2 protein chains.
Amino acid sequence: MTTVRRRAPARPRRPYHHGDLPRAMVQEAVRTIQEHGIPALTLRGVGAQLGVSRTALYRHFTDKQALLGAVAAEGFRLLSAALVAARDGAGGGRPGFEAMGTAYVRFALEHPSHYRVMFGGVVRSGDLKQLSVPKVDVDAFQVLVDAIVELQQKHLIVPGEPRELALYIWAVVHGVAMLALDGMLPPQVPADALMALANERIRSGIAVSPAAIAGRREPR
Amino acid sequence: MTTVRRRAPARPRRPYHHGDLPRAMVQEAVRTIQEHGIPALTLRGVGAQLGVSRTALYRHFTDKQALLGAVAAEGFRLLSAALVAARDGAGGGRPGFEAMGTAYVRFALEHPSHYRVMFGGVVRSGDLKQLSVPKVDVDAFQVLVDAIVELQQKHLIVPGEPRELALYIWAVVHGVAMLALDGMLPPQVPADALMALANERIRSGIAVSPAAIAGRREPR
DNA sequence: ACCTGAACACCGTTCAAGT
DNA sequence: ACCTGAACACCGTTCAAGT
C-alpha cells in the first residue's frame with residue numbers, strides 16, 4: 001500500500017465551535033472516500049480538513065467505526081428517500097416498481113461512497129442497529145416490501161411471502177449495483193442498460209415458454 | 001478502530017528457504033482475513049506467522065496490494081472450478097445451469113475471505129489483469145456464458161446477447177452472495193433458500209401471467 | 001532467496017491540562 | 001465543546017549490509 005499523502009492546506013480555523021461538527025465530519029468522510037477510497041479515510045485527515053484537532057473528533061464519535069456507521073446511516077436514509085421518490089414519480093404500480101429498481105442502481109452509482117460503506121463489510125451490521133436513528137436500514141427494505149404487497153394485491157405479480165420476494169429483488173439490484181461499482185461491467189453494457197434488461201427478466205424470467213416453465217414439456 | 005493485537009507465538013523458524021513462501025503467504029493472508037477481517041491483514045503479521053522477516057515478503061510481492069491480488073486470483077480460479085464441477089455434476093442443461101447458481105452462492109459462503117477480496121473493492125480491477133495467470137477473472141464468467149449459449153441452442157431460454165444475459169445472472173447470484181455475507185438475510189431465509197427461490201424466479205419471472213408479461217392486458 | 005536492524009512517514013486512540 | 005501536546009502501540013515501505 002503506497003503511503004497516502006493528504007496534507008491539505010488546512011482551512012482558516014475559526015477558534016472554538018464549528019456549528020455542526022458531527023455533520024461536517026460525515027460530509028468530509030464522504031468526500032475523502034469519494035476521492036481516495038475507504039482505506040484513505042483517516043480521522044486525523046478529517047480533523048485537518050475541518051481545521052479541528054484530532055482529539056476533538058472523539059467528542060462526537062467514539063470511534064472511526066462510529067463515523068463510518070453514521071455515513072452508512074445517512075446512506076440508508078438517502079436510499080429510502082430515493083426509492084420513495086422514484087416509486088411516486090412513476091405513479092406506483094408496476095411502473096413504480098421498475099422505477100425503484102432503476103433508482104436503486106442509480107443511487108449506488110451517484111453515491112458510491114455511501115454505498116460502499118453501507119455494503120462493503122466495513123460497518124458490522126450489529127453496529128448499524130445501535131445508531132441514533134432506529135431501524136434505519138430496515139426502512140429502505142420496507143419500501144420494497146410494501147411495493148410488492150401492492151402489486152400482489154393487484155394480482156400483477158405472483159403470490160408468496162413478500163419479504164422473500166423482496167430479498168430476491170434486492171439481490172438483483174444490489175448485484176447490478178455492485179458489479180457496476182466494481183467496474184465489472186464491459187463498456188458496451190452500462191449499468192442502466194443492464195438494469196433495464198434486468199427489469200425485463202425480473203418480470204418475465206428467462207425460460208423460453210410457459211410450457212417450458214412448468215416443465216410440462218421437455219424440449220429436445 | 002480498536003488496535004488489533006496478533007502477536008502470535010511465532011512458529012519455529014527454519015533458517016533460510018521456506019519451500020514456497022509466496023504460496024504460504026497467500027494461505028496465511030486468507031487465514032488472517034477469515035479470522036479477523038480484511039483490515040486486520042498486515043504484512044508484518046503475515047511475516048511473523050510464517051517465521052519470516054517482514055522484508056523477505058517483498059521478494060515475492062511488490063506490495064500489499066499484490067498479495068491481495070494473488071488472493072483474488074486464487075479465488076477466481078477456485079470459483080470457476082466450482083462452477084464447472086457443479087455444472088458437470090448435474091449433467092449440464094437446465095439442471096446444470098441452476099446448480100451453477102447454487103454453487104456460486106455456496107462458494108461465496110465457504111470462501112468468504114476470497115470472495116470479499118475478489119469483490120470488496122480492495123483490489124483494483126486493473127491490477128487483476130496484470131496477474132501472472134492471464135484473464136483469470138474472465139474464466140468464471142466464460143463458464144456462465146457458455147452455459148447460456150448451450151441453453152439457447154436447445155431453445156430452453158430466451159434468445160439475446162448471451163453476455164448480457166450472463167451479466168444479469170451474475171448480478172443475481174452476486175447479489176444473493178453479498179447480502180448473505182453481509183448478514184443482511186433474516187434467519188428464516190438462509191442463503192440457499194433464497195438462491196432456490198431465485199432460481200425459480202430467474203426461470204419464470206415474477207409477473208403473474210403471460211398476458212400480463214406481454215402487457216396485452218392491463219389488469220385492474 | 002533469504003536475514004537483521006534501522007529508519008521514515010504515517011495510523012487510531014488515550015491522557016493530562018487547558019479555555 | 002472545543003483546544004494543545006505528548007504518548008503508546010501499531011502500520012507499509014525502503015535501505016544498507018549481510019549469508
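First the proteins, then the strands, lettered A, B, ... as listed; each starts at 1. Heavy-atom basis, side chains included; hydrogens, waters and symmetry copies ignored. All of these numbers come straight from a predicted model, not from anything done at the bench.
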**Request:** Salt-bridge test for A:Glu74 and A:Arg77: reply yes if a basic N is under 4.0 Å from a carboxylate O, no otherwise.
**Result:**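 Here A:Glu74 does not pair with A:Arg77 in a salt bridge, since their nearest N and O are not under 4.0 Å apart.
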Whole angstroms only, please: what is the [atom1]-[atom2] distance between [X] and [N]?
X       : N      : atom1 : atom2 : value
B:Leu50 : C:dC3  : CG    : P     : 10 Å
B:Met25 : C:dC2  : CE    : P     : 10 Å
B:Asp20 : C:dA1  : CG    : P     : 12 Å
A:Tyr58 : C:dC11 : OH    : P     : 12 Å
A:Leu43 : C:dC10 : CG    : P     : 16 Å
B:Leu57 : C:dT4  : CG    : C1'   : 14 Å
B:Asp63 : D:dG12 : CG    : C1'   : 9 Å

**Request:** Can you label the angle between the B:Phe119 ring and the B:Trp170 ring as parallel, tilted or perpendicular, going by 30° and 60°?
**Result:**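 Rings of B:Phe119 and B:Trp170: perpendicular, over 60°.
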**Span that lies between the P atom of C:dA9 and that of D:dA9, in whole angstrom** =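 Pairwise P distance, D:dA9 against C:dA9, rounds to 22 Å.
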**Asked** On a whole-Å scale, what distance lies between the P atoms belonging to D:dA17 and C:dA1?
**Response**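 Straight-line distance between the two P atoms is 23 Å.
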**Asked** If each of A:Arg54 and B:Arg54 is mapped to the nucleotide of DNA chain D with the nearest heavy atom, which maps nearer the 5' terminus, i.e. the 5' end?
**Response**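 Counting from the 5' end, the first nearest nucleotide belongs to A:Arg54.
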**Asked** CG of A:Leu165 to CD1 of A:Ile148: how many Å apart, nearest 0.5 Å?
**Response**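 CD1 of A:Ile148 is found 4.5 Å from CG of A:Leu165.
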**Message:** With rounding to the nearest 0.5 angstrom, report the CZ to CZ distance, B:Arg94 to B:Arg203.
**Reply:**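 B:Arg94 CZ to B:Arg203 CZ: 6.5 Å, rounded to 0.5 Å.
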Between [options], spot the one nearest the side chain of [X], thanks.
X       : options               : answer
B:Lys64 : D:dC2, D:dG12, C:dC3  : D:dG12
B:Arg59 : C:dG12, C:dG5, C:dC2  : C:dC2
A:Ser53 : D:dC3, C:dC11, C:dC2  : D:dC3
B:Arg44 : D:dT14, C:dG12, C:dA7 : C:dA7
A:Ala56 : D:dC3, C:dG12, D:dG12 : D:dC3
B:Thr42 : D:dC2, D:dG12, C:dG12 : D:dG12

**Prompt:** Are the aromatic rings of A:His174 and A:Tyr115 close, with centres under 6.0 Å apart?
**Reply:**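 Yes, they do, as the ring centres are separated by less than 6.0 Å.
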**Prompt:** Who does D:dA16 pair with, Watson-Crick or G-U, both distances under 3.5 Å?
**Reply:**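 D:dA16 is paired, partner C:dT4.
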**Asked** Using purine N1 to pyrimidine N3 plus N6-O4 or O6-N4 for Watson-Crick, or N1-O2 and O6-N3 for G-U wobble, both under 3.5 Å, which nucleotide pairs with D:dC10?
**Response**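 Pair assignment: D:dC10 / none.
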